[in-house]
Number of protein chains: 2
Amino acid sequence: MAEKTTYHHGDLRQALIDGAIALITEQDVNSLSLREVARRVGVSHAAPYRHFADKESLLAAVAEEGFIGLTAAMQRGIAQATDHPLAQLEATGVAYVQFAIAHPAHYRVMFGGLPGEPIADPERGQAGWQAFQVLLQRIEAGQAAGVVRSGEAMPLAWVAWSTVHGLAMLLIDKRLPLSHPQEIEDLAKFVTHTLVEGLARSA
Amino acid sequence: MAEKTTYHHGDLRQALIDGAIALITEQDVNSLSLREVARRVGVSHAAPYRHFADKESLLAAVAEEGFIGLTAAMQRGIAQATDHPLAQLEATGVAYVQFAIAHPAHYRVMFGGLPGEPIADPERGQAGWQAFQVLLQRIEAGQAAGVVRSGEAMPLAWVAWSTVHGLAMLLIDKRLPLSHPQEIEDLAKFVTHTLVEGLARSA
DNA sequence: ACCTGAACACCGTTCAAGT
DNA sequence: ACCTGAACACCGTTCAAGT
C-alpha cells in the first residue's frame, strides 16, 4: 500500500478544485476557464477530463466544498450565541450572510451557476442538504421551545433561507448602496432580526 | 424627414434586444452568444458593435426591459388587491415572485450577471430603481397607516426585497423540492405573508 | 492508468475595407 | 453612417498517441 504519488500531483483532482477556488477568488466566476485552471496546476488542458466529465462537474465539486464551509461557519456562529433558540436562529442567519460576503465568488458558484439540484431535499446534494439542515434544526428547536410558531418546520425554513440567500446575493452583487463592513454587518443583523420576528410565535 | 429604414431592420438595436430575449427564453443565459443573436437577427457578427459596446451592454439593455416588466407586474398585483396596506404589500411580494418564475431567464439576466449597479439607489439603474420604488412605497404607505413598524423605511424595504429575491432565485434555480405551479404559488404567498408579519407593527 | 498534442467547432472583439 | 469579412486570441471538448 502507501502508493505514494500516482502522478506528479499526488491528487490532481483535489489540486484542480483548489486551483479553481484560488482563481475564482482572484477573478470572477464567469471568466474562469478550465484551461486556465489546468495551466495553473501545471498540467495539460486535457488532463482535467481524467477526473471531471466537464467544466460543470469541476464547479459542482467546488460548490460542494463551499457548502461544507458554510455549514461550519453557521455552526461556529451558533456556538458563540447564547442558548436562547431565537438568539441561535439569528446567529445562524448572520453567520450565513457573513460567510457569503466573505467568499463571494465561492458563494456564486454554489448558487449562481447551473439550474442546480434541489438542496432542501435529503436525497440529492449531500453537502447542500447538510447546510440547509443546520437552519432547519434551529427552527425545530425554536418550535420545541415554544418560541417559534408551530406548523410544518420545512416551509418556515424556506422562508428563512429565502431571506438570508436573497440578502447575500444582493450584497454580493452590490445591489445595495452599502460599502463599509460595519454597515453590512448591521444590516445582516437587522434583516435576520426582522425575519425572526416574523417566524416567532406572536405574543 | 421620415427617413424610412436607415438599414434593413429599421431599428437593429431593438431587434438585437428582442432577439436576445427570445434566445434566453429558449435556452439559458450562459449559453447566449452575441454571434448567435446576430445570426438570428440576420446581420453579421460584427454589426452589434455599432449599437452595443460589448456583450455586457446588450445584456444590460435586456435587464432594463426586464425591470420595466417587473414594475408593471407588481403594479398590476397591487391594483388587484384590497385597499389594506398589508394586503397590498403581500400582493407586491407575490407578484414579484410570480414574475420571476414566469420569466426565469430574463430574471437571471437582471440579477445573475455582472456585479451590477446598486438598484436601491436613485442615481443609477433607472429601471431597477423604479421597480424597487414600488416596494418601498408600499412600505411607506403601511407606515403612514400605522400597520407597518416605524423607523427608516429603506432598511425595511431591503428586508422585503431580500426575501422575495431569495425565494425567486431558489425557485428559479430549482433549489426547493416543488414543481407544481400551485405549490409554488402557495409558497410564494406563505413566504410573503410571514415576511409581512415580521414587518408589521407588533400588537 | 494517466497524461499529452493536435484538432474541431465554437466564442468575443477589433479593424480595414466596402457602400 | 452603417455594415461586412477576415483575423486574433481565446474557449470546451474529443481523441489518437505516447509512457
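Chain letters run A, B, ... following the sequence lines, proteins first and then strands; every chain starts at 1. Any value given below was found using the heavy atoms of this structure, including those in side chains, with hydrogens, waters and symmetry copies removed.
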Quick check for you: among [options], whose closest atom lies nearest to any side-chain atom of [X]?
X        : options                  : result
Tyr49(A) : dG12(D), dA7(D), dT4(D)  : dG12(D)
Asp54(B) : dG5(D), dT13(C), dG12(D) : dT13(C)
Ala46(A) : dT14(D), dC3(C), dG5(D)  : dT14(D)
Arg35(B) : dT4(C), dC3(D), dA7(D)   : dA7(D)
Ser33(B) : dC3(C), dG12(C), dC15(D) : dG12(C)

Between [N] atom [atom2] and [X] atom [atom1], what is the distance in whole Å?
X        : N       : atom1 : atom2 : result
Leu32(A) : dC10(D) : CG    : P     : 16 Å
Asn30(B) : dC10(C) : CG    : P     : 19 Å
Arg13(B) : dC3(D)  : CZ    : P     : 13 Å
His51(B) : dT13(C) : NE2   : P     : 16 Å
Glu36(A) : dA9(D)  : CD    : P     : 17 Å
Arg40(A) : dC11(D) : CZ    : C1'   : 18 Å
Leu12(A) : dC2(C)  : CG    : P     : 10 Å
Leu59(B) : dC11(C) : CG    : C1'   : 14 Å

| message | Suppose we define a pair by two distances each less than 3.5 Å, Watson-Crick or G-U wobble; what does dC3(C) pair with here? | response |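 None - no nucleotide pairs with dC3(C), as no candidate has both distances under 3.5 Å.
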| task | Can you tell me the pairing partner of dC11(D) across any strand shown, Watson-Crick or G-U wobble, with both distances under 3.5 angstrom? | result |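 Check on dC11(D): unpaired, no WC or wobble geometry under 3.5 Å.
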| query | Start at the 5' end of DNA chain D and walk down; is the nucleotide closest to Arg50(A) or to Arg39(A) reached first? | reply |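 That would be Arg39(A).
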| said: So, OP1 or OP2 of dT14(D): does either fall under 4.0 Å of a side-chain N or O from His45(A)? | reply: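 For dT14(D), neither OP1 nor OP2 has a side-chain N or O of His45(A) closer than 4.0 Å.
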| message | For a quick test of reading the model: is some side-chain N or O of Ser44(A) closer than 4.0 Å to OP1 or OP2 of dC3(C)? | response |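 Answer is no, no contact under 4.0 Å.
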Side chain [X], main chain [Y], donor-acceptor under 3.5 Å:
X         : Y         : result
Gln143(B) : Gly151(B) : yes
Arg149(B) : Gly198(B) : yes
His84(A)  : Leu86(A)  : yes

| request: Walk me through it: do Glu36(A) and Arg40(A) pass the test salt bridge (Lys or Arg N to Asp or Glu O under 4.0 Å)? | output: CA-CA 6 Å; Glu36(A) 195 179 357; Arg40(A) 183 77 146 229; 5.2 Å; no
| query | Would you call the rings of Phe111(B) and Phe67(B) parallel, tilted or perpendicular, where under 30° means parallel and over 60° means perpendicular? | reply |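 Correct class here is perpendicular.
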